[in-house]
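Just below is one structure, and these are the notes that go with it.
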Amino acid sequence: MAGMTWTIAPEPYGSPAAAALWRAYYTEVSDRWYLLHEGRRTDPEELERAVAARSGAELAPPRGQLLVGRYDGTPAGSAGVRLLDPDTAELTRVFVLPELRGRGGAPLLVAAAEEAAGALGARRIVLDTRGDLVEARALYARLGYTETAPHNTDRYAEHWFRKELPPARAVS
């Protein structure tokens, strides 16, 4: 594995790589929820409807950004940000393919998303997650996010986090 590296770059939300990562992300979190609460995986028709209903258009400039991480050139993870208001961005779709976890991609994706949020003018970044996504909660805590009061009423949100972003650096 020596020499394999992560690269992270903006990507249109509708690109084949972004679409494949969105499907993998949604399948994993949906299956985890249904297995925990109903003892079954996501119904394939329901999965198709849900994936199609959330295209990711809110992650497009000028109010958002989708980032795709590639591991040794292969699409392997994603993170997105969108402005909720002029000072606040929401972090969403943080995901790394299961077979490539533990190789440093998630912290790099979150850092790139924070940078993108700052470039959009945000001074803080917020996110929500579920209680069963313990790995995500541990990652956010490790990266300096603090648990806070709810900022939305999402049906599946159980934990909300926030992080103040450093002031935007002047480009010279």
Side-chain angles (χ1 to χ4, degrees), residues 4 6-38 40-61 63-84 89-117 120 125-143 145 151-161 163:
M4 292 191 171
W6 284 95
T7 56
I8 299 170
E11 181 106 13
Y13 67 88
S15 76
L21 288 164
W22 169 233
R23 176 175 297 285
Y25 167 89
Y26 194 87
T27 300
E28 180 176 338
V29 297
S30 182
D31 279 353
R32 282 178 72 161
W33 191 89
Y34 279 113
L35 286 167
L36 179 65
H37 296 283
E38 298 184 12
R40 66 173 178 89
R41 295 195 179 279
T42 310
D43 174 86
E45 289 179 16
E46 179 185 12
L47 178 69
E48 292 307 316
R49 283 191 308 273
V51 167
R54 299 189 66 193
S55 70
E58 72 280 6
L59 303 177
R63 296 192 46 82
Q65 185 74 72
L66 179 69
L67 301 156
V68 168
R70 286 177 166 74
Y71 187 73
D72 200 31
T74 301
S78 65
V81 292
R82 66 183 181 124
L83 287 176
L84 299 178
E90 179 180 42
L91 178 63
T92 186
R93 295 193 187 193
V94 176
F95 176 75
V96 173
L97 292 171
E99 62 272 20
L100 294 172
R101 291 180 185 156
R103 298 181 189 186
L108 293 173
L109 283 160
V110 172
E114 290 171 359
E115 209 171 288
L120 293 171
I125 193 163
V126 298
L127 65 96
D128 66 68
T129 191
R130 296 192 327 236
D132 63 307
L133 300 176
V134 294
E135 307 91 339
R137 291 186 4 246
L139 170 71
Y140 301 131
R142 192 169 65 249
L143 296 177
Y145 287 77
H151 63 268
N152 63 26
T153 57
D154 185 293
R155 172 182 175 194
Y156 299 105
E158 297 171 313
H159 297 270
W160 295 262
F161 290 84
K163 182 178 184 181

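Contact annotation: the side chain of Leu84 approaches that of His151 to within less than 4.5 Å [non-hydrogen atoms, C-beta and beyond]. Residues Val126 and Trp160 fail the side-chain proximity criterion, which asks for heavy atoms closer than 4.5 Å.
Summarising the geometry of Ser78 relative to Leu109, their closest heavy-atom pair is N-CD1, 3.7 Å, with the distance given to 0.1 Å. Here the closest heavy-atom approach between residue Asp132 and residue Glu158 is recorded as N-OE1, 4.2 Å. Nearest heavy atom pair, residue Asn152 against residue Ala157, reads OD1-CB, 3.9 Å. The minimum heavy-atom distance between Arg130 and Tyr156, with the atom names listed, is CG-O, 2.9 Å. In terms of heavy atoms, Pro75 sits closest to Leu21 at CB-CD1, 4.3 Å. The two residues Arg41 and Leu35 make their nearest non-hydrogen contact at NH1-CD1, 3.6 Å.
Using modelled atom types, no side-chain atom of Arg63 and backbone atom of Glu58 make a donor-acceptor pair closer than 3.5 Å. In this structure a side-chain-to-backbone donor-acceptor pair under 3.5 Å is missing from Trp6 to Ala76.
Put simply, CZ on Arg54 and CG on Leu59 are 9.0 Å apart, with the number rounded to the nearest 0.5 Å. To the nearest 0.5 angstrom, Thr92 atom OG1 is 7.0 Å from Arg82 atom CZ. Note that the CZ atom of Arg103 and the CG atom of Leu97 stand 10.5 Å from one another [nearest 0.5 Å]. Lys163 contributes atom NZ, which lies 10.5 Å from atom CG of Leu127 (distance to the nearest 0.5 angstrom). From Leu36, atom CG reaches atom CG of Leu133 across 10.0 Å, with rounding to the nearest 0.5 Å.
Taking the six-membered ring for Trp and thresholds of 30 and 60 degrees, Trp33 and His37 have ring planes inclined between 30 and 60 degrees apart.
When the side chain to side chain contact (heavy atoms under 4.5 Å, CB included) test is applied to Leu143, the partners found at least two apart in sequence or on another chain are Pro107, Val110, Leu139, Tyr145. Applying the side chain to side chain contact (heavy atoms under 4.5 Å, CB included) criterion to Arg101, with sequence neighbours excluded, gives Glu28, Phe95, Val96, Pro98. For the salt bridge (Lys or Arg N to Asp or Glu O under 4.0 Å) test, no residue two or more places apart in sequence or in another chain qualifies with Asp43. The side chain to side chain contact (heavy atoms under 4.5 Å, CB included) check on Tyr34 picks up Ser30, Glu38, Arg40, Thr42, Glu46, with sequence neighbours excluded. For Leu120, the side chain to side chain contact (heavy atoms under 4.5 Å, CB included) partners are Val81, Leu83, not counting sequence neighbours.
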Show me the side-chain donor-acceptor pairs of residues 7-16 shorter than 3.5 Å, one per line, residues at least two apart or across chains.
{"residue": "Glu11", "atom": "OE1", "partner": "Arg70", "partner atom": "NH1", "Å": "3.1"}
{"residue": "Glu11", "atom": "OE1", "partner": "Arg70", "partner atom": "NH2", "Å": "3.2"}
{"residue": "Glu11", "atom": "OE2", "partner": "Ser15", "partner atom": "OG", "Å": "2.8"}
{"residue": "Ser15", "atom": "OG", "partner": "Pro12", "partner atom": "O", "Å": "3.3"}
{"residue": "Ser15", "atom": "OG", "partner": "Ala18", "partner atom": "N", "Å": "3.1"}

